[in-house]
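Numbers here simply count residues along the sequence, with the first being 1.
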Amino acid sequence: MSQVFEISKPLPRKYFGAGVNWFDYLGTGGFYGRFSGYPLNENIYPDEADTDSWKKILATLDELSPSFIRYGLNPETVLDGKGNIDKSSKAFDRLEIISNWAAANNVLVELDTFLIPAHYEFLTEDTQISERFCNMAAADNKDYAMRFVGPLMHYLVRERRMSAISYFNPVNEPINYGVYQVPENGPDVYVHYVEMFQEMRKALDSFGLFKDEVGLIGIDGDIPLEYPLLDHAARGIDLNSSISAYSIHSYRTRFDHEKPSANCPDSEPLEITVDRHIRQLVKYCEKRDRPLLACEVGAFYYGKVENPAGPASDEGTLLTLETIIRMANVGVASALIWSPMNPNNIDGHWALFRLQDSKIEKYLTPWNAYSAMMRVLDRGSSIYPAKSACPKYPYQHVHGLITEKDGKIRGLFVNDSPTETQQIALQSSDLLLPATFHVQTKRYGSDELSQSIVALGADFEIPPLGFIELS
């Protein structure tokens with residue numbers, strides 16, 4: 001017997017878009033955050049002048065079709081010895097390649113420097129490469145904002161005309177695991193963080209880059225259950241007026257029917273992480289008239305350092321896909337996966353493709369899942385959550401959604417049951433569904449996608465640990 005899914009009313013906010021993190025740190029040398037476990041010496045990107053290789057990469061992005069890119073720019077590569085912008089840096093040329101592609105394809109770009117540049121950090125004796133991260137906060141927020149952030153964004157958006165760059169975030173996953181520290185006798189770290197955003201907003205405004213052109217994205221917390229809104233409230237500080245969006249990361253989820261794993265002992269079921277906690281964060285953000293963006297989504301449950309292949313496995317990609325679907329259904333306005341050209345030797349396997357011997361090679365398991373996700377969750381889509389009319393007990397294994405943009409209706413449904421094929425039927429009183437859907441089916445253990453045409457009144461079949469894309 002099939003399970004009926006009712007296509008509910010659309011969410012009030014259009015989707016910002018699904019996409020990728022483009023991590024230009026890779027190949028710039030040294031170690032990320034002074035951590036010996038994160039080397040940056042493997043150069044995976046071609047030289048800026050290698051137009052043939054870049055044409056192949058951009059053609060692959062055309063096929064992948066992300067509609068939101070978070071670009072990780074290493075600030076050390078664009079500064080001179082005095083903390084000023086070095087306009088001759090080749091890092092800007094690589095950024096321009098991606099930015100121009102984004103502008104031509106109506107893709108949003110968030111520029112993220114991930115770390116505070118060393119020139120602007122609080123002084124620390126902990127400057128050696130070690131077995132832990134160390135990145136200090138900016139010692140002088142106004143100086144950092146007026147000499148670095150304002151000039152950087154003005155140079156990119158005004159002088160280089162990189163119009164796709166619409167957002168800026170200064171620090172990745174701050175106030176955690178050693179990133180964005182203050183000295184022991186220094187200012188309160190949360191107060192200092194909010195003041196940094198206030199100074200950045202003033203600096204951008206002073207350079208003529210107002211909020212409607214370059215917005216700031218804040219918090220960027222990597223553990224949803226520890227999102228620091230209560231820390232802010234307890235101190236009487238408020239980030240909201242300085243930012244255009246809140247951001248969150250998610251790696252520590254698991255399917256509702258699974259137990260904690262040795263790979264990720266602090267994982268939480270999606271029902272807890274997304275359906276309860278992130279839903280509440282979305283409500284908070286919406287009351288403050290700001291979207292909540294998921295700027296990194298992945299899965300450590302099946303492996304990371306201990307089992308590097310885990311994140312790119314069938315189970316790992318399906319868990320990530322379900323996380324993104326359920327996030328979209330509760331109102332999270334974007335989802336970005338990690339690093340499509342990752343060398344796969346840092347924190348696990350994340351890459352979707354690589355350039356090898358002048359040819360593009362795809363990693364088909366994650367490619368199939370995330371390219372489907374990006375087609376369905378396109379920028380400007382209306383999100384119609386799909387809700388089971390009679391959820392199964394004790395675990396609901398099928399989760400999905402329908403999207404509509406410019407009259408085009410698409411859908412994405414996953415089945416996280418490891419053993420049972422699921423039959424579902426769709427009905428809607430708020431959206432006119434097409435008479436037939438083209439269905440693309442992904443089965444566990446196979447990178448071959450099967451194709452079929454299914455009439456609306458018939459059942460859709462989702463194999464165990466598989467997904468279907470409707471178009």
When rounded to the nearest 0.5 Å, the distance separating CZ of Arg160 from CD of Glu96 is 4.0 Å

Does a donor on one side chain sit under 3.5 Å from an acceptor on the other, for Asp220 and His249? yes

Is Asp347 reaching over with its side chain to a backbone N or O of Lys304, donor-acceptor style, under 3.5 angstrom? no

More than 12 heavy atoms of other groups within 6.0 Å of Lys211 NZ: yes

Ile402 and Phe413: which non-hydrogen atoms are nearest, and at how many Å? CD1-CE1, 4.1 Å

Return the minimal non-hydrogen interatomic distance between Met373 and Leu412, and the atom names on each side. CA-CD2, 3.9 Å

Determine whether the side chains of Asp430 and Ser8 contain a donor N or O and an acceptor N or O closer than 3.5 Å. no

From His192 atom NE2 to Glu195 atom CD, the distance as rounded to the nearest 0.5 Å: 7.0 Å

Taken to the nearest 0.5 Å, the spacing of Leu319 CG from Asp314 CG works out to 12.5 Å

Is the number of heavy atoms from other residues, nucleotides or ligands within 6.0 Å of CZ (Arg158) greater than 12? yes

Does atom NZ (Lys387) have a neighbourhood of more than 12 heavy atoms from anything else shown, all under 6.0 Å? no

Is Glu420 salt-bridged to Lys392, cutoff N-O under 4.0 Å? no

Quick one about Gln451 and Gln440 (side-chain donor to acceptor, distance below 3.5 Å, no hydrogens or angles considered), yes or no? yes

Heavy atoms of Ala372 and Glu469 approach each other most closely as CB-OE1, 3.5 Å

Measuring only between side-chain heavy atoms, which start at C-beta, is Ile57 closer than 4.5 Å to Met341? yes

Consider only side-chain N and O atoms of Thr273 and Glu268, and report whether a donor and an acceptor are under 3.5 Å apart. no

Trp22 pairs by side-chain contact (heavy atoms from CB on, under 4.5 Å) with which of Val109, Leu73, Ile69? Ile69

Here the pair of heavy atoms bringing Met200 nearest to Val149 is SD-CG2, 3.8 Å

Count the heavy atoms belonging to other residues, nucleotides or ligands that lie under 6.0 Å from CG of Leu432, then report whether that count exceeds 12. no

Between Asp222 and Asn176, a side-chain donor and acceptor under 3.5 Å: yes

With a 6.0 Å cut-off on ring centres, are Tyr193 and Tyr180 close enough? yes

How long is the straight-line distance from OG of Ser242 back to CD of Gln198, given to the nearest 0.5 Å? 5.0 Å

Using a distance-only test with no angle check, is there a side-chain donor-acceptor pair under 3.5 angstrom linking Arg379 and Ser67? no

If you look at every heavy atom in Lys442 and Gly445, which pair is closest and at what distance? NZ-N, 4.2 Å

Going by atom types alone, do Asn74 and Tyr32 pair a side-chain donor with an acceptor below 3.5 Å? no

Against Asp378, only a single residue in Arg410, Lys405, Lys408 fulfils salt bridge (charged side-chain N to carboxylate O under 4.0 Å, His left out); can you say which? Lys405

Can we call the ring centroids of Phe114 and Phe23 under 6.0 Å apart? yes

To the closest 0.5 Å, what do you measure between CG (Leu364) and OG1 (Thr317)? 11.5 Å

Has the side chain of Asn240 got a donor or acceptor atom that lies under 3.5 Å from a matching backbone atom of Arg288? yes

Using 30° and 60° as the class boundaries, would you call the ring planes of Trp350 and Phe300 parallel, tilted or perpendicular? perpendicular

Can a donor-acceptor pair be found, under 3.5 Å and without considering hydrogens, that links the side chain of Arg13 to the backbone of Ala333? no

Quick one: closest heavy-atom pair of Ser381 and Thr403, and the distance? CB-CB, 4.1 Å

Please check: side-chain N/O of Asn415 versus main-chain N/O of Ile462, any donor-acceptor pairing under 3.5 Å? yes

Checking the side chain of Glu306 only, and the main-chain atoms of Gly303 only, is there a donor and an acceptor separated by less than 3.5 Å? no

Ser267 side chain to Cys264 main-chain N or O, any donor-acceptor pair under 3.5 Å? yes

Can you check whether Thr113's main-chain N or O pairs, donor with acceptor, with Tyr25's side chain at less than 3.5 Å? yes

Is there a donor-acceptor pair under 3.5 Å between the side chain of Arg279 and the backbone N or O of Asp275? yes

Exam field: side chain Asp112 to backbone Arg70, donor-acceptor pair closer than 3.5 Å: no

Rounded at 0.5 Å granularity, tell me how far CD1 in Ile97 sits from CZ in Arg94. 8.5 Å

Would you say the side-chain atoms of Asn105 pair up with the backbone N or O of Ser65, donor to acceptor, closer than 3.5 Å? no

Are Asp24 and Tyr71 linked by a side-chain donor-acceptor pair shorter than 3.5 Å? yes

Is the ring pair Tyr167/Phe16 parallel, tilted or perpendicular, if the boundaries are 30 and 60 degrees? tilted

Applying ring-ring contact (aromatic ring centres under 6.0 Å, His included), which residue pairs with at least one partner in residues 363-400 are found, sequence neighbours left out? His257-His397

For Arg326, is there an ion pair with Asp256 - N to carboxylate O distance below 4.0 angstrom? yes

